[in-house]
Amino acid sequence: MAYLVKQSDRAPAVTAPVPVDESLPRACVIGAGSSGITAAKHLYLAGIPFDCYELGSDIGGTWVFDNSNGQSACYDSLEINTSCARMAYSDFPMPEDYPPYARHDQVRDYFEHYVDHFGFRHTITFDTTVEDVSRTADGRWEVRITGPGGTETRTYDAVLVANGHHWDPRWPEPAYPGDFAGEQIHAHDYRSGDQLQGRDVVVVGAGNSAMDIAVEASFTARTTTWSVRRTEWVLRKFFLGRPSDQVALPGWLPWWVTAARLRLGATVAGSMTKYGLPAPTHKPGQSHPVQSDQIRARLDAGAVTARPGIERLDGDRVVFVDGTSAPADLIVWATGYHVSFPFFKPELVSAQDNELPLWKRAVHPDLPGLYFLGLVQAIGAVMPIAEAQSAWIAETLAGHYVPPSDAVIRRQMLADHERDKRQFYASPRHTMEVDFDHYLWDLERERKAGRARATSSRMSRVAPTATTPVPGGGGARVRRTVARGLLRAVRWKTVGEVPQRGVLVGAPHTSNWDWVLTLLLAWRYGITIKLLVKQELFVGPLGWLLRRTGAVKLDRKNPAATIKQLLAEAEGDDPWLIGIAAEGTRSRGDYWKSGFYRIARQTGLPITLAFLDAPSRTVGWGPTFHPTGDVSADMDVLREFYADKTGFRPEGFTPPRLREEG
C-alpha cells in the first residue's frame, strides 16, 4: 500500500546503550539534517562503528530557522508540503496534535525527539567541518575534519554523504541583461516578511518557495509581482477535506497511474492562465509538483500580479517578455540550488548541471563505499526515502545484504535514468526526480533480493534439504506461510535437495499452471528464481503481472544471449542454476520439455534436474550435470532421475526437441 505512518507504528524507545561491533566496517556520516540523523540511527542500532559530523550545533538541517551552520533556507512562514503521515520516519510518527502540514519549528522539534527517542545523540560530533574526503590507495576513505579540537584526518571504510542539496544557491545563468538599482537576494537568504516591508518586490520562480514568498510579500510589500518563466501546475494541499497527498496508490503500480492522479489534482485545482501566466508546456506529472492554497486567493485579490519571464532589468523596474514592466527595489530569485560537495575534489565527485548518476539514487558505481543519502527530488518527502536508504546501507555494512553484479547495477542505473528522462521535462530540478511510493517499493524489493543473495552466499557451503526452510524477512515469511498452506492443501510433496537459485524457462498462459506451482515452491523453500518468458507476452495485464513476479524477457531467437545477460547477476561461486523446469503430465507420455537443455548446450551451463509431476503431485530436484551432447546418454540420466523420484519408468521415448538437437 501507499506509505502512511500511523501512531501505532511508533517503535519502543531505546534506553540502553547499543554495543558496537568493531569487526564491522567503520563509517562516516556527513551532516545531521533529516538524512544524516536517520543514517546515524540505523548505523547505531546495527552496532556499526561510525562518526557523524555536523557543521553547526543544531539537529535538523534546513528545517532549523537560522541554523548555526549558516546553510539553512528556512523562513518564518515555512511549512511542509507533504502531510505529516507521509513525511514521518516509518517507526516514529509525528505527534497527533500536529496540523496536517507541520510548521518548520514543529518539524525541528520532531527531529530532536527522534534523536532522543532512539538514544544516539552522543554519536553526533557538532561544530565540525568536513574539509576533505579522498580515496586511499587500498580503497578506503580519508576524511579530514576541523572541529573544536583542531584538524585531524581519520580513515573509514564507508562514507555516507548527507549534506543536503538546498544550501548552495543557483542564480540566473547567464544573468539577465541590463542594470538594476535595487537589492537582489536569493530565496536562500529570505527569512521573514520584514525584509519585504514597504518595498516593490519582484519574486522570480515557479516553485513552492517562490509562491510562499510572493504570498507573504502581498501582505507586507508596497507592490508584489510574481515572474514565472515556465508555468507549473499548482496543486492544492487538500482534496475533499483531507491532505491531497494521502490520496495515494501502491508504489508497484505503473507510472501512468501516478501521472493520472497528478492530472486529476491539477484539473481540480484549476488553470493559472486566467491570472496572466502562460499555459504550461508540459502535462501534470512531467514536472516536480508544486502546491499552494493561498497563491490563487492573493492573485484574485489583486495583491499579487503575475507576469511571464524577465526580458531585462532597467534601473528601478523589471521588464518582462510580454512588454510589460513593474517597479522594483527588491528582486527575490527563487531559482533553485546547485548540487555541490565542497569536501570532494571535482575530479573525484561532481554534479555538473546537478546531474550525478547513482544506482538507486544512493550508490556511486565507480567508488565502492561511497553512499549518498536524500539526494533526490521526490514527488513526496525526502525523509522516508533517506530512512530506507540508511537501512539498506546499514544492512550492506553489516553483511546482511549483497548487491548484484556491477553489470546489473550499471544496467539498472541507465534504465532508471532513461525512464526519468521520458517522464519529466529536461531541467536541472529533474535530474534527481523520483516517484516517492514507487521508489520505496522498488528499493524494498532490491533489499529483499540482496538479503536472499546474502543468505544464499552464507549457506552455499551446506546445501539445505527440502525440510530446511531458508531464513528471510517478514515478507518472505508471509510468502512462505501462504505457499506452504496452498501446497499442503493440494497435497504436493517434494523430493531431492532444494537449490537456492534457479531459472525457469517457460511461457505461462491461462491453461498452464506449472509456472504458478514453481513460484509457490520458490516461495516455500526460499529459492531465488527468474522466470524466462517470451517477449511477446509482456503486454497488457499479463505483461504487468509477469514484471511484478520478476520475469525476464527471453529472446527466443537468441536465448543464450538472454541467459548470459542474466548470469551477470551471479557472484563468485554462487551461480544461477539452469533447468528448474516446469514438468507436467506430458512427462508421462512421449514428450518432455527440453528448451532448457538447448540453452544449457549453447551456454555451457549446468542443468539442475527438476520436474513437476501433476498426477503424483510431486516436485523433484536432482543433481546438477552438464549436457554432453550425446542425447541418448543425457536422456538416460533424465529417465533415471525421474524413475528414482517417482517410481515411474517411461521407456522408449526421446523428446522431439532433443531429437532435433541430436
Side-chain angles (χ1 to χ4, degrees), residues 14 16-61 64 67-71 89 111-112 114-164 167 341-345 348-349 362-364 367-375 386-387 389-399:
V14 177
V18 177
V20 176
D21 184 350
E22 294 293 347
S23 69
L24 295 176
R26 179 169 291 276
C28 168
V29 179
I30 302 176
S34 61
S35 297
I37 59 174
T38 192
K41 177 248 192 179
H42 280 87
L43 296 177
Y44 175 64
L45 295 184
I48 296 169
F50 75 97
D51 296 306
C52 177
Y53 300 116
E54 165 55 38
L55 179 62
S57 57
D58 300 296
I59 287 170
V64 179
N67 192 318
S68 57
N69 65 18
Q71 296 186 341
Y89 299 118
F111 291 146
E112 291 280 352
Y114 178 80
V115 170
D116 291 335
H117 184 84
F118 291 104
F120 61 92
R121 186 179 293 270
H122 65 284
T123 67
I124 303 172
T125 304
F126 293 100
D127 301 312
T128 300
T129 302
V130 176
E131 305 281 1
D132 182 75
V133 177
S134 58
R135 197 100 162 116
T136 65
D138 62 356
R140 301 176 75 199
W141 295 92
E142 283 189 348
V143 179
R144 188 175 76 246
I145 58 171
T146 299
T151 299
E152 62 176 304
T153 298
R154 298 180 181 179
T155 303
Y156 297 94
D157 301 290
V159 173
L160 284 64
V161 179
N163 69 319
W167 62 270
F341 312 100
F343 37 80
F344 286 130
K345 293 180 175 62
L348 181 67
V349 177
V363 175
H364 198 299
L367 299 171
L370 181 61
Y371 304 94
F372 293 83
L373 296 169
L375 193 60
E387 178 191 27
Q389 292 172 333
S390 299
W392 177 34
I393 295 166
E395 287 177 340
T396 303
L397 297 179

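Below, all heavy atoms of this structure are taken into account, side chains as well, without hydrogens, waters or symmetry copies. Just so we're clear, the structure is a prediction, and the values are computed from it rather than from any experiment.
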How would you list, by chain and number, every residue that makes a ring pair (Phe, Tyr, Trp, His ring centres under 6.0 Å) with [X], sequence neighbours excluded?
| X | value |
| --- | --- |
| Tyr114 | Tyr89, Phe92, Phe118 |
| Tyr53 | none |
| His364 | none |

Could you go through residues 16-32 and list every donor-acceptor pair under 3.5 Å that involves a side-chain atom there, pairing it with any protein atom two or more places apart or in another chain?
residue	atom	partner	partner atom	Å
Asp21	OD1	Ser23	N	3.0
Asp21	OD1	Ser23	OG	2.5
Asp21	OD2	Ser23	OG	3.3
Glu22	OE1	Arg26	NH2	2.9

What pairs meet the salt bridge (charged side-chain N to carboxylate O under 4.0 Å, His left out) rule with one or both residues in residues 35-47, with sequence neighbours excluded?
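For residues 35-47: Lys41-Asp91.
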
Mind jotting down which residue pairs meet the salt bridge (charged side-chain N to carboxylate O under 4.0 Å, His left out) criterion with at least one end in residues 44-55? Sequence neighbours excluded, please.
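Residue pairs with at least one partner in residues 44-55: Asp51-Arg154.
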
Got a sec, which residues hit side-chain hydrogen bond (donor to acceptor under 3.5 Å, both in side chains) with Glu395, two or more places apart in sequence or on another chain?
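Glu395 satisfies side-chain hydrogen bond (donor to acceptor under 3.5 Å, both in side chains) with Arg447, Arg451 only.
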
Using the test side-chain hydrogen bond (donor to acceptor under 3.5 Å, both in side chains), find all partners of Asp58 that sit at least two apart in sequence or belong to another chain.
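For Asp58, the residues satisfying side-chain hydrogen bond (donor to acceptor under 3.5 Å, both in side chains) (neighbours in sequence not counted) are Ser68, Arg108.
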
Heavy-atom side-chain proximity of [X] to [Y] below 4.5 angstrom:
| X | Y | value |
| --- | --- | --- |
| Val349 | Phe372 | yes |
| Phe341 | Asn163 | yes |
| Ile145 | Val143 | yes |
| Leu43 | Pro49 | no |
| Val133 | Glu142 | no |
| Trp141 | Arg135 | yes |
| Phe111 | Val64 | no |

Listed by chain and number, what are the side-chain contact (heavy atoms from CB on, under 4.5 Å) partners of Leu55, not counting sequence neighbours?
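So Leu55 forms a side-chain contact (heavy atoms from CB on, under 4.5 Å) with Asn69, Gln71, Thr129.
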
Between Thr396 (side chain) and Trp392 (backbone), is there a donor-acceptor pair under 3.5 Å?
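It does hold such a pair.
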
Thr123 (side chain) donor-acceptor with Phe120 (main chain) under 3.5 angstrom:
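It does hold such a pair.
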
Could you tell me whether the side chains of Glu131 and Thr146 share a donor-acceptor contact shorter than 3.5 Å?
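Looking only at side-chain atoms, Thr146 and Glu131 do form a donor-acceptor pair, the distance falling under 3.5 Å.
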
By salt bridge (Lys or Arg N to Asp or Glu O under 4.0 Å) - contacts of Asp132 (at least two apart):
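Applying salt bridge (Lys or Arg N to Asp or Glu O under 4.0 Å) to Asp132 gives Lys345.
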
Using salt bridge (Lys or Arg N to Asp or Glu O under 4.0 Å) as the criterion, list what pairs up with Glu112, not counting sequence neighbours.
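Partners of Glu112 under the salt bridge (Lys or Arg N to Asp or Glu O under 4.0 Å) test: Arg121.
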
Let me know which of Val363, Leu160, Leu373 forms a side chain to side chain contact (heavy atoms under 4.5 Å, CB included) with Gln389.
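Of Val363, Leu160, Leu373, side chain to side chain contact (heavy atoms under 4.5 Å, CB included) with Gln389 is met by Leu373 alone.
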
What are the two closest heavy atoms between Ala158 and Tyr371, and how far apart are they?
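Smallest interatomic distance, heavy atoms only, reads CB-CE1, 4.1 Å.
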
Listed once per pair and sorted, the ring-ring contact (aromatic ring centres under 6.0 Å, His included) pairs that draw on residues 25-47, sequence neighbours left out:
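Pairs touching residues 25-47 that pass the test: Tyr44-His122.
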
